[in-house]
Amino acid sequence: MLGMLLGEQVVPVARRLLAGEPLSAAWFSRECAPRITGVSALESDHGDHASR
């Protein structure tokens, strides 16, 4: 299952590379990580603060 989730991210990465756009950790965490983990970028940024 993890392989399928990671494999789906090859298309956006390849599309970005073919367009000549740079890959960055910020772009990956905003565009790809939520699709892999099922957690939106906003939830992951604010999740740590809820317990305080």
Side-chain angles (χ1 to χ4, degrees):
M1 199 78 149
L2 180 60
M4 289 174 32
L5 291 171
L6 293 174
E8 289 176 351
Q9 301 315 308
V10 170
V11 174
V13 169
R15 186 177 298 146
R16 192 164 175 94
L17 288 174
L18 289 173
E21 298 174 12
L23 293 178
S24 67
W27 173 82
F28 186 84
S29 66
R30 184 179 66 246
E31 297 295 325
C32 298
R35 294 180 183 149
I36 295 170
T37 63
V39 178
S40 74
L42 292 176
E43 289 177 18
S44 65
D45 287 344
H46 299 295
D48 296 338
H49 303 292
S51 62
R52 293 182 186 172

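As the structure is a computational prediction, the values presented were derived from the model and not from experiment.
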- [ ] Check side chain to side chain donor-acceptor pair (under 3.5 Å) between Arg35 and all other residues, then give those that pass, not counting sequence neighbours.
- [x] none
Using residues 1-9 as the side-chain source, report each donor-acceptor pair under 3.5 Å to any protein atom, sequence neighbours left out, with the distance given to one decimal.
none

Distance-only donor-acceptor pairs under 3.5 Å for side chains of residues 15-24, two or more places apart:
{"residue": "Arg16", "atom": "NE", "partner": "Pro22", "partner atom": "O", "Å": "2.7"}
{"residue": "Arg16", "atom": "NH1", "partner": "Glu21", "partner atom": "OE1", "Å": "3.1"}
{"residue": "Arg16", "atom": "NH2", "partner": "Pro22", "partner atom": "O", "Å": "3.1"}
{"residue": "Ser24", "atom": "OG", "partner": "Trp27", "partner atom": "N", "Å": "3.1"}

Task: Shortest non-hydrogen contact between Pro34 and Ser29, atoms and distance - done: CD-O, 3.1 Å
